[in-house]
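Here's the structure, in C-alpha cells; my notes come after.
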Amino acid sequence: MTAPEYIYPEGRAAFPHDGLVGIAGLAPHEIWFLLDEAEQWVELNRGAQKRRDLLSGLTIINAFFENSTRTLLSFEIAGKRLGADVVNMAVATSSVKKGETLIDTAMTLNAMRADAIVIRHQSSGAVQLIADKVDCPVLNAGDGQHEHPTQALLDALTIRHAKRAFNGLRVTICGDILHSRVARSNILSLTSLGANVRVCAPPALMPADIERMNVTVFHDFEGALKGADVVMMLRLQMERMEGQFIPSPREYRHLYGLSQERLTLAEPDALVMHPGPMNRGIEIESNVADMIDRSQITTQVEMGVAMRMACLEVLTRKGRKVEGWA
Amino acid sequence: MSQHAPLTIVNGRLVLPDGTITPGALRSQGGFITALGAEVSAQDGDTVHDARGALIAPGLVDLGVFEIDKPAFHFGGITRAALMPDQSTPLDIPSRVRFAAQSGKPDFWVHPLGAATRGLAGESLAEVALMREAGARAVATGRRWIGDSGTMLRLLQYCAMLDLPVITHAEDAGITGKAVATSGEMATRLGLPSAPAEAEALAIARDVALAELAGARIHFRNVTTRAGLDLVRGAKARGLRVTAGVSPAYFMLSDLAVAEFRTFAHLSPPLRCEEDRKAVIAAIADGTIDVVASGHDPRGAEDKRLPFADSAPGMAGAETLLPLTMNLVRDGVIALSRAFELLAANPAAILGVNAGTLALGAEADIAVIDPDRPWIVDSLKMAASAGNTPFDKQPVQGRVLALFKGGITIKTKRVTA
C-alpha cells in the first residue's frame with residue numbers, strides 16, 4: 001500500500017455521502033479514502049478464499065437500463081464476494097418495456113427494501129433522479145454521457161498501484177470525449193488528485209468548453225502523447241454516432257489509433273489503459289493492448305471488482321450500523 | 001355584450017398609448033373603451049370598479065402559448081393569447097383553427113396561429129388562406145424550424161400575398177439535432193446533448209434573407225442570443241418588417257439554471273450563457289425586442305419528472321409574465337409604459353387585433369395592476385394546470401388585482417395585506 005497522501009477523518013466523516021452518483025462533489029481525500037478501502041479487497045481477491053461475508057443478509061439490486069456485460073458482472077461479483085444477495089434486474093424483460101416511468105420503477109425497487117441499488121441508464125441525470133426517490137444508497141454504474149464514477153475510481157486505483165502518486169502525473173485521455181461518461185469522471189477524479197490531464201479527440205467529438213474542467217485540449221494525437229505517463233484510450237462508441245462524427249473507423253485509426261510507434265512518444269514507462277470493451281485495430285492496436293509490461297487493461301478489470309466491493313461496503317456501513325457510521 | 005351595464009374604472013393611473021401614465025378613469029360601453037381621462041366619471045347604472053390608485057392597463061396579449069389555461073392567464077392579467085399550432089393534433093386545417101378560435105370565449109380570446117406546414121413537418125404548405133378565414137391571425141412553424149429553404153421561401157411569399165405574419169422558431173435544426181442544452185461548460189459537465197448557440201443566428205440570417213426576398217412580415221418568437229439579436233437589429237435598421245420576441249426566462253436565467261438536471265429549466269430554445277442573457281436585456285432596452293411572451297406550456301410530472309434529455313421542454317409562464325417583466329422596470333431597463341408595449345400593444349399589433357392599448361374604440365380588455373405588490377411564486381399553488389416553473393419560491397413583484405374582458409368583469413381580487 002502507498003503512503004497516505006491525504007489525511008481523512010475517522011468514521012462517517014471520511015465519506016459522508018449517502019450514495020455515489022458522481023465524482024463531482026467528492027473531495028480529494030474522499031476519493032483517496034475509497035482507494036485505500038479498496039486495497040484490502042485487492043488482496044482478498046488475489047487469495048484462494050475470496051469471500052468475506054460483511055454484507056450477508058443484505059440485498060443489492062443491479063438495475064441496468066442499458067446493456068452492460070463487464071460492469072454488471074463486476075458489480076455482481078463484488079456484491080457476492082461480500083456475501084450480499086445480488087439481484088440483477090434485466091430491463092429487456094421488465095415493466096420498463098411496458099411503459100413504466102423511471103420514477104415508478106425507482107419506487108418499486110425502493111418498496112422491495114433493497115440495501116443498495118446499482119443503476120446504469122442511458123440518460124444523463126437518470127441516476128440522480130432515482131437516488132432522490134429511494135431510501136437506500138444508490139451507486140451510479142454509468143448515466144448517459146454524464147458520469148461513471150466507479151470506473152474513474154478503479155482507473156485511479158490502477159494508476160496508484162503503478163505510479164504511486166498523482167501529483168504532476170501527465171494523463172492523456174484520447175477518443176470520443178463528447179459521448180464519454182468515463183472521460184468526464186476520470187477528468188474530475190484525476191484533476192482533483194493533482195494530475196495534469198490532456199484530452200484528445202477530433203473537434204466533433206470534443207465537448208464545448210471542456211478546458212473549464214482544467215484539462216488541456218489536443219486535436220493531434222502525437223502532441224497529446226508527448227511525455228505522457230498514462231495513456232487512456234476510449235472506445236469509439238459507434239452506437240452513439242447518430243450523425244457523421246468521423247468519416248470512417250479506418251480514418252479514425254489513421255489519426256487516433258494507439259500503435260507501438262506512437263506510444264514511443266510517451267514516457268518509456270507510460271501505462272496504457274482502456275475501459276473496455278476495446279475495438280482492436282481501431283482505437284488501439286492489438287500488440288499495444290497486449291503489451292505485458294505496459295498495458296493495464298486486465299488490471300483495470302481486476303481493480304474494478306475490488307473498487308466496487310469497497311464502494312458497496314462503505315456505502316452500506318450506515319445501514320449496517322457500523323460503529324462510527326450509523 | 002350590450003345587455004351588460006357600462007363599466008367605469010375609477011381612481012386609477014391610466015397607462016396610455018402615448019407612453020404617459022396619468023391619474024384618471026376609464027369607461028367602456030358595449031365592450032369598447034368610450035372614455036378615458038382625468039375628467040371621466042361613472043354614470044348612473046354603471047358597474048363601478050375602484051382601482052384605488054393602481055394601474056389601469058391594457059389586458060396582456062400573449063404571443064405564443066402552447067395551451068389554453070384560463071386560470072393561469074386570468075391570474076397573469078392575460079386577456080388574449082395566440083395559440084401555437086403545436087397541439088396534440090396540429091392546427092393545420094381550417095376546422096381546427098375555427099374551433100380553437102372559439103374555445104376561450106367569452107372571457108378569454110384565443111387567436112390561433114395556423115400551422116405553416118401540414119403536420120408542422122416542414123414539407124408541404126398548409127391551407128393558409130382558408131385558415132385565415134377560420135380565424136388564424138398568423139401562421140407559425142411551431143416548435144420547429146423549416147429546414148428546407150425552398151419551402152420557407154414559398155411560405156413567406158404566400159403569406160406576404162395574404163399579409164399574414166409568419167412566426168418562426170429560430171434554431172437551425174441541422175445543428176441542434178436532438179440537443180436539449182446550449183453547448184458550454186454546463187452541458188459538458190452534465191453530459192447533456194447540446195448544440196452551439198449559433199444555431200439561432202444561422203436560422204435568423206436565413207429567414208431574414210428569405211423574408212426580405214419575399215417581402216414578408218416575419219416574427220421570431222424567441223430571440224435569445226447576442227448574435228441573433230444583432231441580426232434582428234440589422235434587419236430592422238434596413239427597414240425590413242422583422243419583429244422579435246422573448247420569454248422572461250431568457251432575460252432572467254442562464255444555462256446555470258439547468259444544474260442538477262432541473263427539468264423545469266428545460267426550455268426550447270435552451271437557456272443560453274450569461275453573456276447572451278445580458279444581450280437580451282440590452283435588446284429589450286434598445287427596442288430590438290418587440291414582444292415579451294410567456295410561452296405558457298404547463299407540463300405535469302409525466303413530462304417533467306424524467307431524466308433531463310427525456311423530459312419535455314417548456315414552462316408554465318403565464319402567471320410570472322407580468323412580474324418578471326416588472327423586474328426590468330425596477331432595474332431601470334425600461335419605462336413602465338414600455339412594459340405594456342412589450343406585453344400588450346406590440347403583440348396586438350402583430351396579430352392585427354383591436355386591443356392591447358387604452359385607446360378610444362379599442363376593446364375594453366383591462367387589467368388593474370399593482371406593479372409593486374410582492375408575492376412568492378409557488379409551483380405547488382399555481383393557477384396553471386401544472387406548476388413547472390423555474391422560478392419556484394422566488395419572490396416577485398407585480399400582481400393583477402382585477403381583470404375585465406370586453407368591459408365585463410372576469411375577476412376582482414380581494415386585496416389582502
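By the side-chain contact (heavy atoms from CB on, under 4.5 Å) test, A:Leu178 is found to be paired with A:Asp176, A:Pro207, A:Phe245, residues two or more places apart in sequence or in another chain being considered.
Side-chain contact check for A:Arg120 and A:Thr71: at least one donor-acceptor pair (N or O, by modelled atom type) lies under 3.5 Å. Under 3.5 Å, the side chains of B:Glu171 and B:Thr176 contain no donor-acceptor pair of N or O atoms. A:His146 and A:Gln128 are not linked by any side-chain donor-acceptor pair at a separation below 3.5 angstrom, with hydrogens and angles left out of the test.
Both the backbone and the side chain of A:Arg212 have a heavy atom closer than 4.5 Å to some heavy atom of chain B. Interface residue A:Leu102: only side-chain heavy atoms are found under 4.5 Å from chain B.
Counting heavy atoms of neighbouring residues, nucleotides and ligands inside a 6.0 Å radius, atom CE of A:Met213 exceeds 12 of them. A 6.0 Å sphere centred on CG of A:Asp132 holds more than 12 heavy atoms belonging to other residues, nucleotides or ligands.
Of residues 307-319 of chain B, those residues with a non-hydrogen atom less than 4.5 Å from any non-hydrogen atom of chain A are, in numerical order, B:Pro307, B:Phe308, B:Asp310.
For the pair B:Asn388 (side chain) and B:Arg299 (backbone), a donor-acceptor distance under 3.5 Å is present.
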